[in-house]
Amino acid sequence: MKKNKKIIVGNWKMNPETPEEARAIFGGIKRTAAGARNTETVICPPHIFLPLLSKNATPKVQVGAQNAFYEYVGAFTGEVSAHMLKTSGATHVIIGHSERRALGESDEIVNKKVIAALREDLNVILCVGEKARDSEGHYLEFIKQEIVRGLSKVQKRYTFNLLIAYEPVWAIGKSDRDAMSGADMHQMSIYLRKILAELYDAPAAARVPILYGGSVSPFNAEDIVSGGHVDGLLVGRQSLDAKSFGEILRIVDLVRDSKI
Ligand code: PGA
């Protein structure tokens, strides 16, 4: 990861339906990304499209996975190891997405996956975020625990390959007006860096990119990145539309360094 570059991650989830569509969307995104000066893009398709897309990846548009199993090889039906993802051309992997946590992935499993992926030299995008907010602020402790448990036994040297994606579950898959405001995200960015500083130290906290995810669109991208002081975005639905995603990319590319 290059220092001071913004990062836009596209999480395609279980889309699109065919390899032809995957190639077409990826091609469209690559055309816009070619003109980006300050932004790197990472597209995370379903595993099955990784070899196809990684062949066409560039330093500006890389590919990542949406999950990785923590064992290296063996009798684990249906799983794909971090090592296999790496050999399929993935440079990044999303770990602990709320949709996987909803299927039963615990912080302990997330932690094992984080460690396995970092050992494979993959850049890990660790997703955290509360389901709902409460007036007493318990959700802040919940987020902290997701980070502390997710990074248990992860040594400081690995923070060079770590990204944190803050994705409040209540903002995922909604209208772009339901996303966090830049001002609210600014508070959260400060809080997340404080947790990282406590866990490691201030330089580590400063170098881990913080991304926001949850109903990002061209409508809210600038406010979130500029006002929220984040290093990038994790984009779901809009990353399947090369035109909208390209717009988000262009908007973010124009935001001046907004780091806290
Ligand atoms: P969304 O998804 O942009 O469609 O809300 C974000 C995510 O789940 O990563």
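Just follow the structure's listing: the first ligand is 1, and inside any ligand the first atom is 1. Note that the structure is predicted; figures quoted are calculated from it, not measured. No hydrogens, no waters, no symmetry mates; every other heavy atom, side chains included, goes into these values.
Under a 4.0 Å criterion applied to the non-hydrogen atoms of G173, ligand 1 contributes the atoms 1 (P), 5 (O). Near N11, with a cut-off below 4.0 Å to any heavy atom, the atoms of ligand 1 are 9 (O).
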- Could you go step by step and tell me if Y212 and M188 meet the side-chain contact (heavy atoms from CB on, under 4.5 Å) rule? CA-CA 10 Å; Y212 167 83; M188 186 51 70; over 6 Å; no

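Formation of a donor-acceptor pair under 3.5 Å by the D253 side chain with backbone atoms of A36 is not found in this model. Although no hydrogens or angles enter the test, the distance criterion places no donor-acceptor pair under 3.5 Å between the side chain of T159 and the main chain of L162.
Using cut-offs of 30° and 60° on the angle between ring planes, the pair F26 and W12 is perpendicular.
Given atom 4 (O) of ligand 1, the protein heavy atom at minimum distance is R237 NE, 2.6 Å. Nearest protein neighbour of atom 3 (O) of ligand 1, counting heavy atoms only, is G236 N, 2.9 Å. At the top of the distance list for atom 7 (C) of ligand 1, counting protein heavy atoms only, stands E167 OE2, 3.2 Å.
Across all their heavy atoms, C44 and A65 have their closest contact at SG-O, 3.9 Å. When all heavy atoms are compared, the tightest approach of N15 to P46 is O-CD, 3.1 Å.
Residue-level proximity to ligand 1 for I172 is carried by backbone and side chain together, each with a heavy atom below 4.0 angstrom. With a heavy-atom cut-off of 4.0 Å, Q238 does not touch ligand 1 at all.
Close N/O approach between K174 and ligand 1 is not found [any backbone or side-chain N/O within under 3.5 Å].
Assignment of G213 to the shell around ligand 1 is not supported, since no heavy atom sits closer than 4.0 Å.
The pair K156-D201 meets the salt-bridge criterion, since a charged nitrogen lies less than 4.0 angstrom from a carboxylate oxygen.
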